[in-house]
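Quick caveat, the model's predicted, so the values are computed rather than measured. Side chains included, hydrogens not; waters and symmetry mates left out as well; all remaining heavy atoms used.
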Protein chains: 2
Amino acid sequence: MAINNTENINTWLSHLHEETKFSISVDCVIFGYDEAALKVLLMDCNMPPYEGKKSLIGDLLQKQETTDEAAKRILENRTLLTDLYLEQVNVYSNPFRHPLGRVITLAYYSLINIEDYENQIVDAENKQLEWKTLATIDDLAFDHLEIVKDAYARLQRTVREVPIGFSMLPKKFSLIQLQNFYETVLDIELDRRNFRRKLMALGLLIDLKEFQDNVAHRPAKLYSFDFEKYKQKKNIGTLNFEI
Amino acid sequence: MAINNTENINTWLSHLHEETKFSISVDCVIFGYDEAALKVLLMDCNMPPYEGKKSLIGDLLQKQETTDEAAKRILENRTLLTDLYLEQVNVYSNPFRHPLGRVITLAYYSLINIEDYENQIVDAENKQLEWKTLATIDDLAFDHLEIVKDAYARLQRTVREVPIGFSMLPKKFSLIQLQNFYETVLDIELDRRNFRRKLMALGLLIDLKEFQDNVAHRPAKLYSFDFEKYKQKKNIGTLNFEI
DNA sequence: CCAAAAGTGTTGCCTTTACACCCATGT
DNA sequence: ACATGGGTGTAAAGGCAACACTTTTGG
């Protein structure tokens with residue numbers, strides 16, 4: 001057996017062949033959280049053989065854009081929100097994954113605040129889109145169920161190490177809301193006192209000196225996350241954000 | 001501003017356009033470890049304007065293969081080794097990243113045992129390939145330096161959580177070799193006694209009752225990693241592999 | 001017997017866990 | 001006054017970090 005030293009994309013190839021060009025799509029797993037559950041924004045698929053199923057929100061990569069730009073474009077078109085958190089998940093390249101022919105997809109996941117979304121979206125024609133509770137998603141068009149599972153696994157890993165969860169929470173939140181959020185996303189139970197101690201010890205929550213209003217119980221203190229301080233600490237290397 | 005409900009890859013699109021097809025390459029960051037340093041297998045690039053620089057090992061995605069298959073093919077062609085550890089890193093899609101035109105690349109990283117590689121490769125024509133110590137890599141063709149950095153970051157994260165490091169070590173190793181490996185890859189110092197205690201407590205090392213030979217000091221005990229037991233423990237959920 | 005690297009235990013500290021009662025508000 | 005959920009402290013256990021001397025081999 002010999003080493004293959006024939007033409008190669010990184011060394012000698014003189015031109016690109018049309019036969020080895022592929023359609024590329026970018027699919028976004030858009031996560032939202034609404035006090036009760038972790039949800040994913042899905043749309044109706046009417047492409048045979050997947051009529052009636054839900055699919056992720058995606059589009060073909062266009063000629064002069066990067067995949068990050070494509071993901072941003074898709075998100076902005078569909079949610080009317082900008083500056084969303086965005087992270088690559090994986091490439092899915094089974095040759096038969098798409099009925100129209102070979103379409104290789106790159107999945108991203110994104111986190112949005114459902115409230116912001118609802119505010120933006122209320123007037124727009126948007127019947128196609130629906131928030132579906134992650135736990136109830138068991139069938140999607142294409143290979144999108146696999147993509148959602150992979151994206152969720154990535155989210156679970158990342159949310160413990162990086163304060164991305166705050167993108168899904170209201171700007172002002174109580175510690176109990178925050179705890180519920182982590183319990184839901186990580187699918188674990190947390191001790192209230194221990195959770196509070198840990199979060200306060202991080203020193204990254206701003207005490208807003210505000211309280212809940214019109215609740216039939218002792219109103220909770222509201223906090224916001226100190227992104228500035230987080231950046232500073234991260235740069236100095238003093239930080240261990242770890243839920 | 002309205003929601004864009006025009007044709008979409010996941011819902012209504014009727015056919016794929018030639019103008020939005022792209023060449024896709026798969027580039028492999030092949031890591032090896034040889035008792036002294038973490039290295040990457042690189043090849044010479046002679047494509048203008050990168051003549052004289054080193055590049056990753058990659059190739060164009062072919063018509064009927066998945067990206068995983070492409071990565072395997074590339075690795076097997078170049079290293080003559082099969083069953084290598086392989087993990088996706090990221091997609092790089094800057095429209096101007098490749099001088100031949102638009103080539104979108106998907107990077108993988110792979111871990112190989114340099115000894116096995118040397119054994120396979122010794123007779124073959126292989127002047128193009130070279131192991132380069134990671135720490136000395138500061139300039140590569142294309143955007144390959146960025147790719148190597150991203151791959152290394154992924155490796156550092158994964159090697160602490162999953163026992164992938166053993167792919168880079170000899171089948172029989174001493175605890176000190178193992179410690180040196182982690183110190184090198186993670187770029188940290190570890191206490192010898194604490195490291196040993198931790199590893200032994202995992203219960204995943206097989207004591208081979210063998211010793212180093214012909215060393216001018218007390219010979220070290222040799223171990224191998226118990227992959228079977230690891231799988232079992234992982235399936236039962238009893239495991240916390242965490243260096 | 002010397003050099004060189006392997007091997008081994010103990011202690012203090014910090015982090016994590018477990019756990020139960022009082023507080024503020026609306027009705 | 002009661003129902004509801006918010007807020008608080010302490011003790012025990014376990015994990016982690018720091019640290020120095022003895023052992024085995026070849027030369």
Side-chain angles (χ1 to χ4, degrees), chain A residues 33-37 160-161 169-170 172-184 186-225 233 237-243, chain B residues 34-37 159-161 169-170 172-184 186-225 233 237-243:
Chain A
Y33 173 76
D34 79 347
E35 303 297 304
R160 301 189 79 126
E161 299 172 9
L169 288 165
K172 304 175 178 186
F173 51 83
S174 68
L175 277 171
I176 296 237
Q177 273 181 297
L178 190 58
Q179 182 184 341
N180 288 338
F181 169 79
Y182 280 108
E183 290 184 330
T184 303
L186 298 173
D187 198 20
I188 54 176
E189 295 211 335
L190 296 166
D191 179 90
R192 201 156 78 225
R193 281 167 287 193
N194 295 338
F195 180 80
R196 299 172 89 86
R197 191 178 318 118
K198 192 163 198 169
L199 267 286
M200 295 318 281
L202 269 179
L204 292 172
L205 296 183
I206 301 168
D207 182 345
L208 295 171
K209 316 276 184 199
E210 290 179 55
F211 294 85
Q212 286 179 317
D213 225 0
N214 287 322
V215 285
H217 54 79
R218 176 170 174 178
K221 233 182 190 181
L222 297 178
Y223 297 86
S224 65
F225 186 74
K233 289 204 178 191
T238 355
L239 187 65
N240 186 22
F241 187 92
E242 179 78 33
I243 303 300
Chain B
D34 80 347
E35 304 297 305
V159 82
R160 300 189 79 125
E161 298 172 9
L169 287 165
K172 304 175 178 188
F173 50 84
S174 68
L175 277 171
I176 296 237
Q177 272 180 297
L178 190 59
Q179 181 183 341
N180 288 339
F181 169 79
Y182 280 108
E183 289 184 331
T184 303
L186 298 173
D187 197 21
I188 54 176
E189 295 211 336
L190 296 166
D191 180 89
R192 202 156 76 225
R193 282 167 287 192
N194 295 337
F195 180 79
R196 299 173 91 86
R197 190 179 319 116
K198 193 162 196 171
L199 267 285
M200 295 318 281
L202 269 179
L204 292 172
L205 295 183
I206 300 168
D207 181 346
L208 295 170
K209 315 276 185 197
E210 291 179 54
F211 293 86
Q212 285 179 319
D213 224 2
N214 288 322
V215 285
H217 55 78
R218 177 171 174 177
K221 232 183 190 179
L222 298 178
Y223 297 85
S224 65
F225 186 74
K233 288 203 178 192
T238 354
L239 187 67
N240 186 19
F241 187 92
E242 179 75 34
I243 303 297

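For the pair Q212(A) CD and dG26(C) C1', the interatomic distance rounds to 13 Å; values are reported in whole Å. Rounded to whole Å, atom C1' of dG26(C) lies 17 Å from atom CZ of F211(A). Between the P atom of dA5(C) and the CD atom of E35(B) lies a distance of 13 Å, rounded to the nearest Å. In this structure, the CD atom of Q179(A) is 14 Å from the P atom of dG5(D), given to the nearest Å. Between the C1' atom of dT25(C) and the NZ atom of K221(A) lies a distance of 17 Å, rounded to the nearest Å. Atom CD in E242(B) sits about 20 Å away from atom P in dG14(D), given to the nearest Å. Here dG9(D) presents its P atom at 18 Å from CZ of F195(A), a figure rounded to the nearest Å. As rounded to whole Å, 17 Å separates atom P of dT10(C) from atom CZ of R196(B).
Scanning all heavy atoms of the two residues, the minimum distance from D207(B) to K221(B) falls at OD2-NZ, 3.0 Å.
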Produce a footprint string for nucleotides 16-27 of chain D: one letter per nucleotide, 5' end first; B if the base is under 4.0 Å from any protein heavy atom, S if only the sugar-phosphate is, - if neither.
-> -BBBB--BBBS-
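Between the side chain of Q179(B) and the backbone N or O of R196(B), no donor-acceptor pair lies under 3.5 Å. Remark: the backbone N or O of E35(A) is not paired with any side-chain donor or acceptor of Q177(A) at under 3.5 angstrom.
For E189(B), the CD atom counts as loosely surrounded, since its 6.0 Å shell holds 12 or fewer non-hydrogen atoms of other residues, nucleotides or ligands.
In this structure, F241(A) and F225(A) have perpendicular ring planes: the angle between them is above 60°, well past the 30° mark. Relative ring orientation between F195(B) and Y182(B) is described as tilted, the plane-to-plane angle lying within the 30° to 60° band.
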